[in-house]
Every structure is written in C-alpha cells, then in structure tokens.
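Below: one structure, written as structure tokens.
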Amino acid sequence: MQNNRNFLIAMILSIGVLVGWQFLVVSPRMEAQRLANEAAQTAAPQDGGVLQTPQTPAGTPQDNVAAPAGRESVVSGQSAMPATAETREQALAAGDRIAIDTPALSGSINLAGARLDDLRLKNYHETVDDESPTIVLLSPERLPSGYFAEFGYLGRDAGDLPGPSTVWEASGNQTLTPDSPVTLTTTNGAGVTFERQILVDDRFMFTVEDTIRNDAATPLTLSSYGRVTRYSKPEVASVFVLFEGLIGVFGDDGLSEVKFSTIEDDLRYTPPKASSGWLGITDKYWATTLVPEAGRPFESRFLYMTDGRPHYQTEYVADPLTVAPGATVTNVSRTFAGAKVVSDIDSYEELYEIRQFGQLIDWGWFYFITRPMFHALDWLYSVIGNFGVAILAVTVGLKLIFFPLANKSYKSMARMKNMQPKIVEMRERFKDDKQKQQQEMMRIYKEEKINPAAGCWPILIQIPVFFALYKVLYVTIEMRHAPFFGWIQDLAAPDPTSIFNLFGLIPMDLPSLLIVGVWPILMGITMFIQMQLNPTPPDPTQQMIFTWMPVIFTFMLASFPAGLVIYWTWNNFLSVIQQSVIMKRNGTKIELWDNMRGMFRRKEKPSEG
C-alpha cells in the first residue's frame, strides 16, 4: 500500500512539474524576453564598428580568427554594416533588388551579394486577426532584426569571387515567381563568369544553380560557401519542450542542435564534416536553412560573435572544385525559408533527398508517440475541418484503444470500493499494529483478486498522451491560430477568458495568475467528479492530495494551450461515464453525492470518558 501511495504521488508530481514550469517559469520568461528584445533593439549601436560579418568579398585572408578546419573563414575580421534607425522601407530602398512574389511568399533579393534578406510569409499573420501584419521572416542587415541567407565562393589567386559585396546584374525577368526564375551574372575581371539562376516553388524552397565558366588560361580552384546570419533571437523565450537555435544534420552523425543560450556561452561549435545534410537557424514555427550541393563534402560551424553587433551564424564551406580553362562547372544549392509545415518538410526530404530534413520539426524524444498523434489529428482535420473536434475524436479513439486496460482497472477499483467496509473494520481491529494491518490488507487483496495499483493505470496511460498532445500543440504550426468554437480562436494559446472578471463582463486587466478561463474550470470540475468516484483513500496524505489536486490543476492548466485543456476535460468526462457504468455493473454504489456531502460535513469529536 505504501508503494501504491508513493507511485500515485510520483505520477501527480510529474504532471505538477510540467504545469508548474509552464505556469511559474514559461509565462514570466516570455514577457521578460519580449521586453529584453525591445530594449536590445533600442540600444543597437548606431556608429558602426568592426563585425565578424563580411562586407568585403569572401576569400579575403583572415588572421585573427581560425578558419574552419584549416580553410579561410566565411566570417571574421571584416568591417560590418551597423544597425541604423531607418525604417524597413528605407533599408530596402538602399540598393537594387529583384522582387519575390509567390502564393506563399513576398519580398526581394538584394543584388548586393545576391542575398535573400527580405521575406514575408503571406499566409501567416502575427495574431488571429487576418488584418494583422503578416510574419516577417528575413530582414536586411542594416536593421536591428537583420536576418538573411547567402551563398558565395572562396579561393586564393582566383581574383574577386562572388561574396557579400558583389553586385550582381539581373537580366531578363525582374520578378521571381514559381513560373519565372531569375538570372544573375557577374564577372570577376580575371576571365571567370558566374551565372546564377534562382528558382522558387510555390511554398518555401529556393534553388540556386551557379554556372561557373572559366575563360582564363589557367585552372580555377574555388570552394562554395553558404551562411545564415541572424542579429536577434526569437521574441518569445522557448520552453524545455521546444528547441530553438542553430541546427543541422551532418551525414551519418545525424542531428546537431545548439540552443541560442548555449552558443552564447560556447561561442563556437564545429559539427563533423559531411557530404550530405543541411544547416540553419530555427524558431518555434519558422526556419531558414541551407542545403549544400549533394555529394560534395562540406565543413560547418555554428557561431556567436560578440564584436560590434552580436549575432548568430551557421556556415559551411564545401571542398574545392576545379574548373579547367575553357570549362564550365555547375553547383546547385538550396535554401529553405519559411513555415515549418509538416507536409512541406516531409515532401522536401523525399523530393530532394535531403537527409533527415524532417528533424527540422522538434518532435522530441518521444517522436514515436508525438508524430503519430499529429498525423492522426491532421487526417481528422482534413475530414472534419476543425482541429478542436479532431482532438475530441482522437480522445475517443484512444479511449477505445486502451479500453481493455482501463476496463480492468476500473473493475478492480470497483471491487476495492466494495471492500471498503471490510478494510475499515480490519483497520479498527488492528489499529495499534501497523505491520498486522499491512499483512491483513495484502491477504484481503489476494483473496478478492484486487490489484491495489489499479487506480494508477488511468493516470499512467494519460501521461504520455498528455505530453504528446502538449508537444503537438506547442511545436506544430498547423495548430497555430487554429480555432475551435466560440471564444477559442487559437487552440495553441490559453483560454483567454477568466472567472475573476466574470468572463469579460467586468472591463479590467488581470495578472496571469488570475486568468482562469471556462475550459480550465470545466477541466477542474470533471477531474473533481472523477476523483469522487474513486474509493476514499485511507491515507490522510492521499486524501489531501486527491481533494486539492483539481483546484491546483485548474489554476496551473489555465496557462496551457486551450487544446490541451479541452482534451483533458473531454477525457475526464468520458472516464466518468466509463467508470460509472463499470461500477454499476459490478454492483458498486456510486457515492458521488455522498462523498461530496462528506467533504463539507463536520466531523464528530470522539466522546470523552
């Protein structure tokens, strides 16, 4: 019995840790991070300075920072463009650009460096209001939120090679669309011509095809490079269930992840050399990644640079390629820049044979539960058209799958409830002998074929489902701004109502502690009812835990995604029905109202003398 009690407490505390972290740590961190980012942008240096981000042609010999694996670094020791107080429109107007217009994207490519540094996501807005601004993913380096992707070349004794300062010339089409690629050219003055064709699909993948023609009299040896550079972190601090930071897959070594906070401490991380994979920077919902040319080995680095304007960078340098005099060589690279839509990521992995590209979405250690959970919800959504209803349907499906186990558990609990008078009588008989109580308890359980741990199974089953659904709601963009019914317009956000302002009838702002909406209250009520159906725990500690747990969970889960609270409420409701039916079939009295009255009944004092 002692082990049973400890097991129950452990299960409750494990969920308590999760909800406590969300309630006491995540929400305050989100607000603190937002304020810190605003302060950092306001305080961004305006007077220039030396950065380790190149503004001169790549390939300039570097002395002050070691290059990756003995090669010249894409970064280091070169003057940088400081952040300015100009608007986004002013920054975009500072140079010549090629427009981008696709069903999913709008923006432009900077002809200086052929840099992808202006990108908006047409179909995603900052809030649930479709009139709110669309999401800005990439921005010019001049802005405090600078964030861009770039390809170029390194090489000694090869003349000026395409790099950050190279101004490409656009010929023909001046707008990049899925049906109309753009062509850029540059000549380095030493008889070498670079022709770059940029293509984009109707989602988020850019393909860069570089044709290098060597009209010089000597062979040309050069290495392609790529980098993603970012000057700010996500506005909302991440939580322990989600990875945000510098990421990549490197050959057989697989996935490498370095959080923003970790790279700030370590400054540098060098992944293993690989001939397949990808690398970039990821947020909760968005990512920018580079896919080097397949089959050509490349070396990579994750960096955080603090000189001048601090920034994060993922970069790679491919093994050299040689272009003979009069010959032409083609190099193909790709950039993914957009929303981490599961179907898109999976299709890119298969179509372009990008190794483990699906791991750009953080399914977590329990991906074998999380991923099937998402696909079940996504399929039901395609049939039903509402993710909230899909959650309800999945809950019913899970109930059916685990019905035999839950049914056995509830039967055992019903028999245990029937044995309560016998157990009470035994405890009274051996009230001064705890050891004898335990022996008699085990004898009764054995004779009546009762499993004392039966009551733990419903909770145990629910924990992995709870974590999986929490992960799905938190990391998949499909759940972002997904409405349910009524006031729930975003299943990935908490219930916005609160009982403490009468659900909006009283016009007053409340601290996060007091935002306890309708669905958390319904969850607490259903949890309370389910607790009252169970046998009254003989141990005072268990009684106290079971009495207060619905109240504590009501407040804690109020800050969780509404979809998760809806799941928990619906699951409790189904469990109450299932348990009541089983208890009735086993001849067990349903003492819900008696138990509830007993909570408020004043206990009689023992008579004296």
Side-chain angles (χ1 to χ4, degrees), residues 52-54 58-59 62 64-76 149-155 205 208 221-230 238 242-283 287-305 311-322 331-337 340 345-346 348-350 352-365 367:
Q52 293 175 308
T53 301
Q62 311 300 328
N64 61 329
V65 176
R71 296 196 182 282
E72 297 163 340
S73 179
V74 179
V75 296
S76 320
E150 173 186 277
F151 291 107
Y153 290 89
L154 305 172
M205 185 66 79
V208 178
T221 300
L222 73 171
S223 298
S224 63
Y225 79 81
R227 64 179 176 135
V228 175
T229 301
R230 180 170 183 165
S238 64
L242 171 71
F243 171 80
E244 291 182 308
L246 288 67
I247 187 172
V249 166
F250 303 94
D252 294 334
D253 289 86
L255 184 68
S256 292
E257 296 177 325
V258 181
K259 292 183 178 180
F260 288 111
S261 58
T262 302
I263 200 66
E264 288 170 4
D265 294 333
D266 299 341
L267 301 183
R268 179 179 310 188
Y269 169 73
T270 303
K273 186 174 182 178
S275 56
S276 63
W278 51 273
L279 68 160
I281 298 177
T282 183
D283 291 0
T288 305
T289 66
L290 308 176
V291 185
E293 184 178 35
R296 183 174 298 279
F298 61 92
E299 296 167 344
S300 308
R301 293 199 307 179
F302 295 172
L303 302 165
Y304 178 67
M305 303 178 189
H311 62 281
Y312 310 87
Q313 181 158 296
T314 59
E315 61 174 48
Y316 77 87
V317 179
D319 277 5
L321 57 88
T322 299
N331 180 73
V332 180
S333 306
R334 290 186 171 86
T335 298
F336 171 87
K340 297 191 295 186
I345 300 298
D346 290 345
Y348 288 142
E349 178 175 342
E350 181 178 356
Y352 299 117
E353 298 181 347
I354 305 174
R355 190 178 190 123
Q356 296 174 245
F357 197 54
Q359 291 192 282
L360 183 59
I361 298 172
D362 181 17
W363 296 111
W365 289 353
Y367 63 91

With sequence neighbours left out, what residues match [X] under side chain to side chain contact (heavy atoms under 4.5 Å, CB included)?
X	answer
Q359	V249, L255, Q356
T322	P219, T221
D252	R355
D283	R230, P234, E244, W286

Pairing residues for D266 by the salt bridge (Lys or Arg N to Asp or Glu O under 4.0 Å) criterion, not counting sequence neighbours: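 Partners of D266 under the salt bridge (Lys or Arg N to Asp or Glu O under 4.0 Å) test: none.
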
Taking salt bridge (Lys or Arg N to Asp or Glu O under 4.0 Å) as the definition, give me every residue that meets it alongside E264, ordered by chain and number, with sequence neighbours left out.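 In terms of salt bridge (Lys or Arg N to Asp or Glu O under 4.0 Å), with neighbours along the sequence ignored, E264 is linked to K233.
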
What do you reckon, are the aromatic ring centroids of Y352 and F357 less than 6.0 Å apart?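 No, too far apart.
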
Applying side-chain hydrogen bond (donor to acceptor under 3.5 Å, both in side chains), can you list everything that pairs with [X], at least two apart in sequence or on another chain?
X	result
D346	R371
S256	Y269
S224	none

Would you check if the side chain of T270 reaches a backbone N or O of R301 as a donor-acceptor pair within less than 3.5 Å?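 A pair under 3.5 Å: no.
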
Say whether, by atom type as modelled, one donor and one acceptor occur between the side chain of D362 and the main chain of F243 under 3.5 angstrom.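 Side chain of D362 to backbone of F243, a donor-acceptor pair under 3.5 Å: yes, one is there.
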
Could you grab the distance from atom OG1 of T314 to atom CG of L279, nearest 0.5 Å is fine?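 If I round to the nearest 0.5 Å, the distance is 4.5 Å.
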
In Å, rounded to the nearest 0.5 Å, how long is the span from CD of Q313 to CE of M305?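 One gets 4.5 Å once the value is rounded to the nearest 0.5 Å.
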
Sequence neighbours left out, cut at 3.5 Å: what donor-acceptor pairs do the side chains of residues 287-297 make with other protein atoms?
unit_1 : atom_1 : unit_2 : atom_2 : d
T288   : OG1    : Y147   : OH     : 3.1
E293   : OE1    : R296   : NE     : 3.4
R296   : NH1    : P320   : O      : 3.3

Does F151 have any ring pair (Phe, Tyr, Trp, His ring centres under 6.0 Å) partners at least two apart in sequence or in another chain, and if so, which?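 For F151, no residue satisfies ring pair (Phe, Tyr, Trp, His ring centres under 6.0 Å) once neighbours in sequence are set aside.
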
For Y312, ring pair (Phe, Tyr, Trp, His ring centres under 6.0 Å) partners two or more places apart: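 Only F260, Y304 meet the ring pair (Phe, Tyr, Trp, His ring centres under 6.0 Å) criterion with Y312.
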
Applying side chain to side chain contact (heavy atoms under 4.5 Å, CB included), run through D319 and K273 and close with a yes or a no. CA-CA 10 Å; D319 277 5; K273 186 174 182 178; 3.1 Å; yes

Taking the side chain as everything from C-beta on, heavy atoms only, tell me whether I354 gets closer than 4.5 Å to F336.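 Not in contact.
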
